[in-house]
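Comments concern the structure below.
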Amino acid sequence: MKISFFDDEPEIFPLQYGGKARTILNLAREFAKHPDVESVTILSRSIISKSTKFKKYNINFEVLTDDNTISKIVKAAEKSDILNIHCCSFTFPNMECKAKKIYFLHDVLIATAEKGSHLDKSLGGNFDAILAPSEFAQKEYEKNRKKINGKINCFVIPRHINNEIFCPISKNEILKDPNTPFIIKEVAKKYKRILFFPARPIEEKGSKYLLELAKYLDKFDKETCIIGIFDKCKNFPTNCINVSWIESEKLKYYYSIADVTLNFSLLPESFSQICIESVYCKTPVVSFKSGNIPYLNKKNQSIILTNSDLKSICDSIKQAYRLKDDSTIMLLEQKEIEKNYSKEIIVNEYINFYKKMIGGK
C-alpha cells in the first residue's frame with residue numbers, strides 16, 4: 001500500500017506546530033514502519049527545508065511551491081493508493097485519479113465555516129470519504145451537510161498518543177537530564193507551581209483569559225508562573241515565562257514539569273491533541289468546554305472543564321493541583337489515555353480503513 005499526505009498546515013516539518021501537524025507526521029512515521037505499507041509521502045507548501053525532496057523517518061518529503069502544487073498532487077494521486085488531504089488555504093480541485101481520496105478533517109471544521117474553516121476550502125473537491133478525529137466532528141459534519149449538499153460519508157478515527165515522544169518525567173529526572181531545556185530547569189528551581197499554556201497566545205486560543213489569570217497571579221501568587229510561547233506578547237506580567245519555540249521531541253519536558261496545562265481555546269476544537277498529550281504525561285488540564293473536549297472529560301477526570309470567568313478558572317486550577325499531587329490517580333488517567341488512544345490501536349484502525357477503501361467496501 002502506498003500512502004500520501006497533501007497538507008497545507010503551517011510548519012508541518014520540522015517544527016510541527018500544533019496538534020494537527022504532529023498528528024500527520026506521527027501517523028506517517030508509524031505507517032512507514034507498517035508491514036502492509038510500501039511507501040509514505042508528505043507533500044506540503046510549508047515544509048522548511050533547503051531541499052525540495054528529502055527522506056527522513058523513512059518518509060518521502062516533497063516541498064510544494066506556487067509553480068508545482070497541482071502537478072505534484074496529481075502525480076502523487078496517480079502513484080498512491082491513498083491520498084490524505086488536509087487543506088488550509090488551498091481549495092482542493094475536482095480530481096479523478098488512481099488513489100482513494102480521503103479528506104483529513106482535523107480542524108474546527110464546519111462549525112466555524114462562516115469564518116473560513118478548513119472544510120469550506122475543500123468543498124470543490126470530490127472525495128471518497130471524510131475522516132474525522134471525533135464523534136463531535138462527525139456530528140457537526142452530519143448536522144450541516146445539507147447546507148453544502150454533502151454526500152460524502154464521514155468516519156471517525158481518533159488521534160493517537162506517540163509514546164516514543166510523550167512520556168511522564170519526574171521533576172528530579174528533568175533536573176538531571178542533560179536534554180532538558182535550560183529554561184525548564186531555571187523555572188523549576190524558582191517557582192513552586194508551573195502552569196503550561198501550549199497554544200499560541202492569540203484571541204481564538206483565549207489570550208484574554210490568559211492575561212487576566214497572569215495579572216491575578218502576579219498580584220496575589222508570586223510562587224506560580226505560566227510558561228508558553230510569549231515572545232510576541234506585549235503587556236504580559238513577568239510571571240509569563242517565554243520559552244520560545246518548542247520542538248515536538250521536547251514537549252514532554254514542558255508537560256511533565258507543569259502542574260496544570262491550560263487550554264483556553266474559544267474554537268470548537270475537533271479533538272484537542274494537547275489534552276491527551278498532557279494527561280499522558282500525568283499533568284491535568286483545565287479547559288473551556290469547547291468542541292470535543294467535553295467528550296474527553298467523560299473518559300478522563302483530569303481533563304477539568306471550567307467556565308471563562310477568573311474565579312472558575314482559579315478554582316479549577318486548585319482542583320487540578322490536587323490531582324497532580326495524587327500519583328495513583330494520574331497513573332490511572334495515563335492508562336486510560338493509552339487504552340483509548342495508543343498508536344498501536346489507532347494506526348491499525350487507519351490501515352484497516354484504508355484496506356476497505358481500496359477494496360471498495
Side-chain angles (χ1 to χ4, degrees), residues 19 161 166-171 174 181 183-184 187-201 205-230 236-237 239-243 246 250-266 269 272-290 293-294 296-297 299-334 336-337:
I161 189 75
F166 296 96
C167 60
I169 315 172
S170 70
K171 184 174 181 179
I174 287 174
I183 188 70
I184 289 289
V187 168
K189 292 173 185 175
K190 184 175 179 180
Y191 291 93
K192 181 180 178 181
R193 292 288 191 181
I194 300 170
L195 310 179
F196 179 34
F197 190 82
R200 288 171 291 171
K205 296 293 185 179
S207 59
K208 169 189 170 184
Y209 304 98
L210 175 67
L211 181 56
E212 284 182 8
L213 175 63
K215 287 181 176 178
Y216 172 82
L217 294 174
D218 189 51
K219 192 172 182 180
F220 296 107
D221 184 359
K222 300 291 187 182
E223 294 185 312
T224 299
C225 72
I226 306 173
I227 57 175
I229 306 166
F230 302 135
F236 270 45
N239 61 5
C240 287
I241 312 296
N242 176 40
V243 296
I246 305 175
K250 301 287 186 181
L251 266 169
K252 60 186 177 184
Y253 296 106
Y254 294 87
Y255 283 127
S256 295
I257 200 65
D259 295 284
V260 186
T261 295
L262 303 174
N263 182 37
F264 293 163
S265 178
L266 303 174
E269 301 285 350
S272 187
Q273 185 79 9
I274 67 172
C275 284
I276 65 168
E277 289 173 350
S278 181
V279 174
Y280 192 77
C281 292
K282 297 184 179 178
T283 296
V285 180
V286 168
S287 176
F288 292 161
K289 305 164 188 177
S290 62
I293 295 170
L296 295 176
N297 163 264
K299 294 181 179 179
N300 287 91
Q301 63 172 312
S302 57
I303 299 172
I304 300 166
L305 303 181
T306 189
N307 296 321
S308 57
D309 61 281
L310 185 59
K311 183 180 184 306
S312 295
I313 292 170
C314 290
D315 288 345
S316 297
I317 289 172
K318 290 175 184 176
Q319 181 184 345
Y321 286 160
R322 291 192 290 271
L323 289 174
K324 177 70 175 182
D325 294 338
D326 192 326
S327 58
T328 302
I329 288 179
M330 291 313 301
L331 178 59
L332 291 173
E333 293 287 282
Q334 181 201 37
E336 187 68 19
I337 292 293

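Computed from a predicted model, the values in this text were never measured in an experiment.
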By side chain to side chain contact (heavy atoms under 4.5 Å, CB included), N307 pairs with (sequence neighbours left out) K289, D309, S312
Of the non-hydrogen atoms in L262 and I274, which two are nearest, and what is the gap between them?
-> O-CD1, 4.4 Å
Nearest-0.5 Å distance, CD1 of residue I227 to CD1 of residue I246 = 7.0 Å
Tell me, please, which residues at least two apart from S265 pass side-chain hydrogen bond (donor to acceptor under 3.5 Å, both in side chains).
-> E269
If you take all heavy atoms of T283 and A258, which pair is closest and at what distance?
-> OG1-O, 3.2 Å
Aromatic plane relationship, F166 with Y255 - under 30° parallel, 30 to 60° tilted, over 60° perpendicular = tilted
Sequence neighbours left out, what passes side-chain hydrogen bond (donor to acceptor under 3.5 Å, both in side chains) with S256? Give chain and number order.
-> none
With sequence neighbours excluded, residues passing side chain to side chain contact (heavy atoms under 4.5 Å, CB included) with P168 | K282, Q334
What residues, two or more places apart in sequence or in another chain, satisfy salt bridge (Lys or Arg N to Asp or Glu O under 4.0 Å) together with D315?
-> K311
With sequence neighbours left out, the residues meeting salt bridge (Lys or Arg N to Asp or Glu O under 4.0 Å) with K299 are none
Can you sort out the partners of S170 under side-chain hydrogen bond (donor to acceptor under 3.5 Å, both in side chains), two or more places apart, ordered by chain and number?
-> E173
Is L305 close to F288 at the side-chain level, that is, under 4.5 Å between some pair of heavy atoms?
-> no
Of all heavy-atom pairs between L310 and L213, which one has the smallest distance, and what is that distance?
-> CD1-CA, 3.9 Å
Once you round to the nearest 0.5 Å, how far does CG of N300 lie from CD1 of I337?
-> 4.0 Å
Closest non-hydrogen contact found for S308 with I313 is O-CD1, 3.9 Å
Result of checking F230, Y191, Y254, Y253 against F196 for ring-ring contact (aromatic ring centres under 6.0 Å, His included) | Y254
Partners meeting salt bridge (Lys or Arg N to Asp or Glu O under 4.0 Å) with E336 (sequence neighbours left out) | K339
Which heavy atom in V187 sits nearest to a heavy atom in C225, and how many Å separate them?
-> CG1-SG, 3.5 Å
If you take all heavy atoms of I303 and N297, which pair is closest and at what distance?
-> O-ND2, 2.7 Å
Sequence neighbours excluded, which residues qualify as side-chain hydrogen bond (donor to acceptor under 3.5 Å, both in side chains) partners of S302?
-> E333
All pairs passing salt bridge (Lys or Arg N to Asp or Glu O under 4.0 Å) where residues 316-327 contributes a residue, at least two apart | R193-D325
Audit row: I329, Q301, side chain to side chain contact (heavy atoms under 4.5 Å, CB included) steps and yes/no = CA-CA 9 Å; I329 288 179; Q301 63 172 312; 3.9 Å; yes
Rounded to the nearest 0.5 angstrom, the CG-CG distance for L296 and N263 is 10.0 Å
Considering residues at least two apart in sequence or located in another chain, which fulfil the side chain to side chain contact (heavy atoms under 4.5 Å, CB included) criterion with D218?
-> K222, P237, T238, N239
Between T261 (side chain) and V285 (backbone), is there a donor-acceptor pair under 3.5 Å?
-> no
4.5 Å side-chain heavy-atom contact, L195 and L217 = yes
How long is the gap from CD1 on I226 to CZ on F236, to the nearest 0.5 Å?
-> 8.0 Å
Side chain to side chain contact (heavy atoms under 4.5 Å, CB included) filter on K171, not counting sequence neighbours, yields L175, A188, I257
Quick one: OG on S327 to CE on M330, what's the gap to the nearest 0.5 Å?
-> 10.0 Å
Find the distance between CD1 (I293) and OG (S272) and round it off to the nearest 0.5 Å.
-> 4.0 Å
